[in-house]
Amino acid sequence: MRRGLHGVESSRPRRQSMSERPVRTRIAPSPTGDPHVGTAYMGLVNMVHARQHGGSFVLRIDDTDRTRYRHGSEEQIFEALRWLGLEWDEGPDKGGAKGPYRQSERTAIYREHTELLLERGGAYRCFCTPERLAKLRAEQQARKERTRYDNHCRELDPEESARRAAAGEPHVVRLKMPLEGSVVVEDLLRGPIELKQDNFQDQVLVKQDGFPTYHMASVIDDHLFEISHIIRAEEWISSAATHKVLFEAFGWEMPVLCHMPLLRNHDKSKISKRKNPTSILYYREAGFLPAGLLNFLALMGWGGPKNPDGSCEEIFGLDAMLEHFRLEEVSLGGPVFDLEKLRYVNGRHLRALPSDAYVEAVRGYLFAEDKLRRVCALAQPRTETLGEFLDVTSFFFGRVEHATPETRKRPLPEREPVAGLVPKGRSKEETWFALRIVQEALDRLDPWHHEALEETCRALASEEETGWKARELFMTLRVVMTGRTESPGLFETMELIGKPRGMGRLGDAMRLLGEPGKKKLKKWEKAREARRRSAAGGGAVRA
RNA sequence: GGCCCCGUCGUCUAGCGGUUAGGACACAGGCCUUUCAAGCCUGCGACGCGGGUUCGAGUCCCGUCGGGGUCACCA
């Protein structure tokens, strides 16, 4: 492979200009959901690369999409990264010379730069209405053309444009992409990548609500934060042309680009929560060690420090990674995120712990004061001897198995669900669909409180949602959460189990039941849509 | 579908023109042990395919196939 060559040789010509420039890297997660293992992966690589070069690692919060913002998500990102030991040098909560580090607090900066870009002629206002755009799209689709903006407003007279904007006419701002030719971006791992003009379009830089899109905010911030290396996931490659054009439109130096391979599901698709637990917090709650998860993540694309015999040492800590990791050596095949291997790696770290540290780890994991108190509150009314404590509460501490003991060693499709997971008269498939609806609703739920849980779940036990009776749904949910048909109050129990583990168990149960085929899924989506419509049309009052 | 990226055991990877293609997970067998883990040993198992270049290609080039990503007023 030619990776080494590109890493070393292709960066040599610009080493002079780079040498003046301290290494600064960043991650820019958006607070739209649970802190993602992909964020941890990119955080690790970015932090390691920065530290190796005596540089800084910046955390920026990418919250320019107000519609997708989820309350509490930002705090969880901090918490998750800190738990992993991926500490940043500058960020929203600890400041830094270039702040603010939350994009929603930088709107004035973006506005200024929008004006600047407009003046420089790199961008233009677009007054096209959503209706016109929809129509355009429909026409293009009918003609089987690629759907893209037709640059209708690109040549609008600047004065007229300014006048209409001043008059308050709604508009977006678009980037002038090259009308022909191609844009070549240099990737640290892949060398030059030529992106062709035919699939460019004049990207929206500023939305009608005045907020910048990712492209705009990210380029401005990367420049202003003096980011030297943009190390991000492979899915961004096709946007790289837009970014390069933007940097050039501003007249700014382009940082070094490095696109890391994407973490994958077992079927090689991009890692997703449907097919894998993706929340960092899930791994914490499941009892993985930061060192274990970090070690495993480091193995995605890298072999580990070399042994004298030429093989790689697979079990190592952050210190060894800091010493031996080379960004230029990352391999490009999309690594499958394999839970089995993660467990093994974590096991090695766990067993290597000094016994005192192990005791502390268990204490913190199982018997944190606050947790113990809350579990006891639920256990006390239900026990006659202390010996029964674990009988009543084990699912707060241990793992939950949804498959019957006889089948639990078999491959997933052959396992049989424990009693109660699939109610009498329902099929595995129906149960999967019901749980899918629950999953969607609970995923959005914040805070994860028993009252909110109950309210949400009750609403789902309805004709227009699952079509299930509360009894059925709640029992299934109880078994999902506890692996048993009897437990303390379902919603108190769920609250205490917590969102990461609760959602994890939901996912586990769904994986056991088996995801229906694509056709069935489609059919089901349609039926569900129809149910909702008829419920709405029937005058049902819904919140 | 257009464009782009990628392609070594089922999985994670080493390899950087000359290797019996190495290690790890998983799996199978064995040793150890009262048992189970752990540990140790052994086994199974890969360069997608086809052309070139070369004395010699997993390594370089081209094609092909396969996988993935992306085509938003989301990031």
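Chain letters run A, B, ... following the sequence lines, proteins first and then strands; every chain starts at 1.
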- Salt-bridge criterion met for A:Asp443 and A:Lys273 (N-O under 4.0 Å): yes
Is the phosphate of [N], meaning OP1 or OP2, less than 4.0 Å from a side-chain N or O of [X]?
X: A:Lys306; N: B:G15; answer: yes
X: A:Lys268; N: B:C12; answer: yes
X: A:Lys196; N: B:C4; answer: yes
X: A:Arg348; N: B:C25; answer: no

[X] near the nucleic acid: base, sugar-phosphate alone, or nothing, with a heavy-atom cut-off under 4.0 Å?
X: A:Gly301; value: sugar-phosphate
X: A:Lys144; value: nothing
X: A:Arg264; value: sugar-phosphate

- Message: Between A:Asn276 and A:Thr278, is there a side-chain donor-acceptor contact under 3.5 Å, judged purely by atom types and distance?
- Response: no
- Does the side chain of A:Arg137 come under 3.5 Å of the side chain of A:Gln140 through a donor N or O and an acceptor N or O? no
- A:Trp302 CH2 - B:G15 C1' separation (whole Å): 16 Å
- Message: Taking the six-membered ring for Trp, are A:Tyr214 and A:His243 closer than 6.0 Å centroid to centroid?
- Response: yes
- Query: Has the side chain of A:Glu313 got a donor or acceptor that lies under 3.5 Å from a partner of the other kind on the base of B:G23?
  - Reply: no
- Query: Using atom P of each nucleotide, how far apart are B:C73 and B:G51 to the nearest Å?
  - Reply: 47 Å
- In terms of the nearest nucleotide of RNA chain B, which residue is placed more toward the 5' end: A:His266 or A:Glu234? A:Glu234
- Note on the structure: Counting primed atoms, P, OP1 and OP2 as sugar-phosphate and everything else as base, the B/S/- map of nucleotides 70-75 of chain B against protein heavy atoms under 4.0 Å is S-SBBB
